[in-house]
Number of protein chains: 2
Amino acid sequence: MPTIKDVAQRAGVAISTVSAVINRSAPVSEEVIQRVEDAIAAIGYLPHGAAKALRSGDSRLIGLILPDITNPFFSTVARVIETVCMRAGYMTFVYNTDEDVDHEMRILKMMRAQRVAGMILISTRSDAEHGQRLMSEINVPTVLFSSNVPATPYDAITLNEAKASRIAIDYLAGLGHRRIGVLSGRPHVSTHEERLEACLDALRAHGIEPQAELIVAANFDQSQAFEACRALLALPEPPSAIFAFSNLMMVGMMRAVVSSGLACPRDISLVGIGDFEWPEIMNPQMTVVSMPAAEMAECAIETLLDQIASKRPPTGRRIMFDPRLVIRESTAAPLVPLPA
Amino acid sequence: MPTIKDVAQRAGVAISTVSAVINRSAPVSEEVIQRVEDAIAAIGYLPHGAAKALRSGDSRLIGLILPDITNPFFSTVARVIETVCMRAGYMTFVYNTDEDVDHEMRILKMMRAQRVAGMILISTRSDAEHGQRLMSEINVPTVLFSSNVPATPYDAITLNEAKASRIAIDYLAGLGHRRIGVLSGRPHVSTHEERLEACLDALRAHGIEPQAELIVAANFDQSQAFEACRALLALPEPPSAIFAFSNLMMVGMMRAVVSSGLACPRDISLVGIGDFEWPEIMNPQMTVVSMPAAEMAECAIETLLDQIASKRPPTGRRIMFDPRLVIRESTAAPLVPLPA
DNA sequence: GTGAAAGCGCTAACAG
DNA sequence: CTGTTAGCGCTTTCAC
C-alpha cells in the first residue's frame, strides 16, 4: 500500500504539503494541489485510517449498539444512522447485544478499544446498577435510544411510553374489552417498566382492576410471547384482548392464535407496539401502536453528532416521540361483552 | 485514556513486558503477569485499536457489504458473520449498497481506508466490467456472497441458482400451470441472469414457450414487484402463476394480489425465492424456494477467515448450496386448466 | 527474563 | 506557501 510519503515523492513536494491538500488544513497553491491530486490518483493512495486516528486522536468512528438487527425496527434505525454518519464523515460499527447484559458490556469494551468518537446505545437494562456499569465503561459522548437509563447523564431519545400504553388500553376498553391481557417485556428495562405502569393506570382508569394472571412478561421475545399467549388463551377465563409491548411479541401472539385453532379478532383481539412494513400481507392485518422509527433515529444521531462537534456535555434530557394508534384488523369488540 | 506506558509505570515494568503479557507473545514470570494484570484492571487500560493496527499492520477488521440490512435474509447473514468474526477476534463493518454500483465503490474505498483484513461482498453487478472495477479497488482477501462475479479471482458462495429456478417451475408446471409469469431481478446480476436462464430452460422442458410479456424485471425491489405484478394481473390473458426471484418481490406480489381484489392461490399462484421467519402469520402462507442463509453465511466467513489466516490466494472456486422447495398455501392448480 | 529504542503512517507545530 | 520534525500508542527486534 502506498503511503503519504510515496505521494509526496511522486508529486515532488513535502509530506506535510500532501497532508495539507488532503485535509484542506492549510493554503496550498492551485498548481501544487493539482500535482498532489494527480499523484494520489496515479498511485491509488488512500489515507491510512488507523494512522490518521492515532495521530489526530479522532477515530471518526461511531458505535451503534442494539438488541438485534434482525428486528425490522432496529434495522431501520441502523440504516438511518449509517446514512447520516456517512454524510458526516463517520463510519459506523453496528453490534447486537441479544438483550444480554454481559454481551453488552463486551461490546462496549470493543467500542472503547476502537476509541469510537461516540455511541448510540439501546441498552439492555435501565436500573441504577446498570447505569453505574455503563458510566464506568463509557467515556465518550453517548446517546441512549429507545430504552432509557435514568440514573445516567446521557441524553435519551425514546417513545412517549405512557402514551403508548394509554392509547392501546383506551382503544381496547373502548371496544368493550374488560379482560385485557398484557404481554410485557423484561423487568428493569424502561420500555417494560414504563409501559407496564401506564397500562395498569389506564386499566384502572377504565374501572378494570388488573389481574395478575393476565399480565405476563415475555422478555420482548417472539417465541416466549408465543408460549405466553398460548397459556393465556388456555386459561379457564381467557382474556378477550391482549396488548404486547413489542412488534415481535405481536408476531408471537398471532402465531399462538393460529396454533390454538382460534381466530383473531373473532376470538381474541391483539395489539402490539411497533409496526411492520407490509401490513397488508399479514393475517390478520395488525392493529398496532406505531412509533416513528426513522425520525427517532435521526434525532438520536443528530443529537450525538452535535454533542461530539460541540464538545458540550450531555444534558441528560429526554426527548420523547409520540406513538400513534394504527387500527387495522386484529382488533374488534369482544364476542360476548360482559354484563355492565 | 491510560496508555500502555501508564500500565508499565504502575506495574513497575517495561512497556514491552506489558505488551508481552497482553499478547502472550513472550514468556513472562507468573508474578509479573499478575502485577501487570492488576495494573491494567486498576487503571482501566484497554489497548488502542488504531495504534495496534498501525504498528502490527493488522486491523483485525472485516467488512461486510450487502444490499440492504432491512431485508431479513441479509440481516440473518450479518448476524452469523458478526458472531463468527467476534469469536475470531475481528470486528465487523456492515454497510448497505442499496444495490447502487457507485455507492458500492464508495464503500469499498472506505473499507480500504480502514485497511480491513478481508471482506464479504454481496456485489451489485456480475459483469466483466464490474469485475474489473472490483479488482482495481480490492486488495485484501474477499469472498463473494450470494451473487457471483465470474471474471474475478474471488471465491464465491452462492445458491445453486439453476436448481432454484428448476424446482419452482417444475412445481408450478406440475400443478398444471401453462401461463407462468416470471418476476426477474436486474440484468447483469448473477442471481438474475442464472435464475432467468434456468427458468427459460425449465419452461421449455415442460413444452412451454416463454412469453416476453410474462417475463418482467423488477429490480429485486418490493414496490417495483408490486407494480409489475399488478400489470401482469391486468393483462388480457394474465398468468395463472408467477415466480419471483426474491423474498421482497414475493411480498410485492402478495400486496399486488390483495390490491387487485384477487385471491391467492385461487386466482393466481405465487412462488418466491427466499423465506421469512414466521410464515404462519402471512396471508396466504407462502410457497417458496428457501435457501440455507445461515449455513451459507457461515461458509462464507469461514472461507474468508481461512484465506486471511493461511495467506493462500483465493482459488476462484464457487461453492453452491442447494435450495429447497417449501410448499405452503400460495400455490394451487390453476382454476381453469388450459386444454391439453 | 526484562528493558531500550526504532518505527508503523499520519498530523501539526514551527522554521524557513 | 513549503519542508523538517516530533510523536500519537503500540509491537518487536535486540541487547542485557
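Each chain gets a letter, A, B and so on, in the order the sequences are listed, and its residues count up from 1.
Between A:Ser19 and B:Pro27, the residue anchored nearer the 5' end of DNA chain C, judged by the nucleotide with its closest heavy atom, is B:Pro27.
Closest to the A:Ala51 side chain, of the nucleotides C:dC10, C:dT11, C:dT2, is C:dC10.
The pair B:Asp98-A:Arg79 meets the salt-bridge criterion, since a charged nitrogen lies less than 4.0 angstrom from a carboxylate oxygen. Ion pairing between a basic and an acidic side chain is recognised when a charged N comes within 4.0 Å of a carboxylate O; A:Asp127 and A:Arg133 show no such pairing. Remark: A:Asp221 does not engage A:Arg186 in a salt bridge, criterion side-chain N to carboxylate O under 4.0 Å.
Distance A:Arg60 CZ to C:dG9 P: 23 Å, rounded to the nearest Å. When the P atom of C:dC10 is taken as reference, atom CG of A:Leu46 falls 9 Å away, rounded to whole Å. Atom-to-atom, CD of B:Glu30 to C1' of C:dT2 comes out at 16 Å; the value is rounded to the nearest Å. Between A:Leu54 atom CG and C:dG7 atom P there is a gap of 17 Å when expressed in whole angstrom units.
Annotation: ring pair (Phe, Tyr, Trp, His ring centres under 6.0 Å) contacts of B:Phe93 (sequence neighbours excluded): A:Phe93.
Protein chain B touches strand DNA chain D; the 5'-most and 3'-most nucleotides with an atom under 4.0 angstrom of its non-hydrogen atoms are D:dG9 to D:dT12.
Rounded to 10 degrees, the angle separating the terminal helix axes of the helix from C:dG1-D:dC16 to C:dG16-D:dC1, each built from five base pairs, is 40°.
For residues 41-64 of chain A, every residue pair satisfying the salt bridge (Lys or Arg N to Asp or Glu O under 4.0 Å) rule, not counting sequence neighbours, is listed here: A:Asp58-A:Arg60.
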Only distances under 3.5 Å count here; give the side-chain donor-acceptor pairs of residues 35-42 of chain B to other protein atoms, sequence neighbours excluded, each with its distance to 0.1 Å.
| unit_1 | atom_1 | unit_2 | atom_2 | d |
| --- | --- | --- | --- | --- |
| B:Arg35 | NE | B:Ala11 | O | 2.9 |
| B:Arg35 | NH1 | B:Glu31 | OE2 | 2.6 |
| B:Arg35 | NH2 | B:Ala11 | O | 3.2 |
| B:Glu37 | OE2 | B:Arg24 | NH2 | 3.4 |
| B:Asp38 | OD1 | B:Gln34 | NE2 | 3.1 |

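Annotation: proximity of residues 2-18 of chain B to DNA chain C (heavy atom, distance under 4.0 Å) is found for B:Val13, B:Ala14, B:Ser16, B:Thr17, numbered in ascending order.
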Should B:Phe145 and B:Val77 be marked as a side chain to side chain contact (heavy atoms under 4.5 Å, CB included) after you check the CA-CA gap, both sets of side-chain angles, and the distance that decides it? CA-CA 10 Å; B:Phe145 188 78; B:Val77 168; 3.7 Å; yes

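Judged purely by distance below 3.5 Å, without hydrogens or angles, the side chains of A:Glu82 and B:Asn96 pair a donor atom with an acceptor atom. For B:Gln307 and B:Asp155, the side-chain atoms include at least one donor-acceptor pair closer than 3.5 Å. Defined by atom type and a distance below 3.5 Å, a donor-acceptor pair is missing between the side-chain atoms of B:Ser59 and B:Gln114.
The side chain of B:Ser29 places an N or O atom within less than 4.0 Å of a non-bridging phosphate oxygen (OP1 or OP2) of C:dT2. An OP1 or OP2 oxygen of C:dG9 is reached within less than 4.0 angstrom by no side-chain nitrogen or oxygen of A:Lys52.
Across B:Tyr45 and B:Thr3, no two heavy atoms sit closer than the pair CE1-C, 3.4 Å.
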